[in-house]
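The structure appears below as structure tokens.
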Amino acid sequence: QVQPVESGGGLVQPGGSLRLSCATSISRFSISAMRWYRQAPGKQRELVASITNGGRLNYADSVKGRFTISRDNAKNTVYLQMNSLKPEDTAVYYCNAETYGSGAYWGQGTQVTVSS
């Protein structure tokens, strides 16, 4: 299935860490970028981090220095390591696979809740 599948969400205390995973069957050679988005209730979906086919990394200012996006090409999997989590990081996190010629593909999302 071409649809990305996220995992790794859960409940964590402020200051804690989680690692999200996003697996896809799409060839890495067809992917222009893998991106993590998040959406909190009542808010617009926002871009959190991205990694291009060439390995270029970008982060939202709100997560810079705390989150790290990476990929395992052999497993067609992208990760989002989230450290020093804050309550404002609470959201549904979505993986998006952007391709060169076949559009983009969204995962179903995984819930991340940061609360004491």
Quiz item: Donor-acceptor pair, T110 side chain versus S7 backbone, under 3.5 Å?
Solution: no
Self-check item: Shared hydrophobic cluster, L85 / Y59 (ILVMFWY, side-chain heavy atoms < 4.5 Å)
Solution: yes
Quiz item: Taking Y93 as the fixed residue, which of R38, Q111, Q39 is the one that meets the side-chain hydrogen bond (donor to acceptor under 3.5 Å, both in side chains) rule?
Solution: R38
Practice problem: Return the minimal non-hydrogen interatomic distance between S116 and P14, and the atom names on each side. | Solution: N-CD, 3.6 Å
Practice problem: Treat each ILVMFWY residue as a node, draw an edge where side-chain heavy atoms are under 4.5 Å apart, and state whether V112 and V92 are in one component. | Solution: no
Quiz prompt | Minimum heavy-atom distance M34-C22, with the two atoms named | solution = CE-SG, 3.9 Å
Quiz prompt | Sidechain-backbone polar pair: R71 side chain, N53 backbone, donor-acceptor under 3.5 Å | solution = yes
Self-check item: Connected via hydrophobic side-chain network under 4.5 Å: L80 and L57
Solution: yes
Quiz item: Hey, does I31 have a side-chain heavy atom less than 4.5 Å from the side chain of T24?
Solution: yes
Quiz prompt | Step-by-step salt bridge (Lys or Arg N to Asp or Glu O under 4.0 Å) determination, K86 to D89 | solution = CA-CA 5 Å; K86 305 175 180 179; D89 295 319; over 6 Å; no
Exercise. State whether the number of non-hydrogen atoms from other residues, nucleotides or ligands found under 6.0 Å of E88 atom CD is greater than 12.
Key: yes
Practice problem: To the nearest 0.5 angstrom, please state how far the OG1 atom of T68 sits from the CD1 atom of I51. | Solution: 10.5 Å
Quiz item: Which heavy-atom pair separates C95 from V78 by the least distance, and what is that distance?
Solution: SG-CG1, 4.0 Å
Exercise. Take S50 and W36, measure what side-chain contact (heavy atoms from CB on, under 4.5 Å) needs, and give me the verdict at the end.
Key: CA-CA 6 Å; S50 66; W36 285 99; over 6 Å; no
Quiz item: Do the rings of Y94 and W106 sit parallel, tilted or perpendicular, given the 30° and 60° boundaries?
Solution: perpendicular
Quiz item: So, T90 side chain and V114 main chain: donor-acceptor pair closer than 3.5 Å or not?
Solution: yes
Self-check item: Inter-residue atom distance T52.OG1 - R35.CZ, 0.5 Å rounding
Solution: 10.0 Å
Practice problem: For residues S30 and I26, report the shortest heavy-atom separation together with the two atoms involved. | Solution: CB-CG2, 4.1 Å
Exercise. First locate atom CD1 of I69, then atom CD of Q81, and finally report the distance between them rounded to the nearest 0.5 Å.
Key: 12.0 Å
Practice problem: Look only at the side chain of N76 and the backbone of S27, and say whether a donor-acceptor pair between them is shorter than 3.5 Å. | Solution: no
Quiz item: Is there a donor-acceptor pair under 3.5 Å between the side chain of Y100 and the backbone N or O of F29?
Solution: no
Quiz prompt | Nearest heavy-atom neighbours spanning S21 and T77 | solution = CB-CG2, 4.3 Å
Self-check item: Main-chain N/O of E6 paired with Q108 side-chain donor or acceptor, under 3.5 Å
Solution: no
Exercise. Write down the atom of V48, the atom of Y37, and the distance for their closest heavy-atom approach.
Key: CG2-C, 4.0 Å
Quiz item: Run the side-chain contact (heavy atoms from CB on, under 4.5 Å) check on Y105 and Q3 step by step: do they pass?
Solution: CA-CA 6 Å; Y105 300 86; Q3 183 181 29; 5.8 Å; no
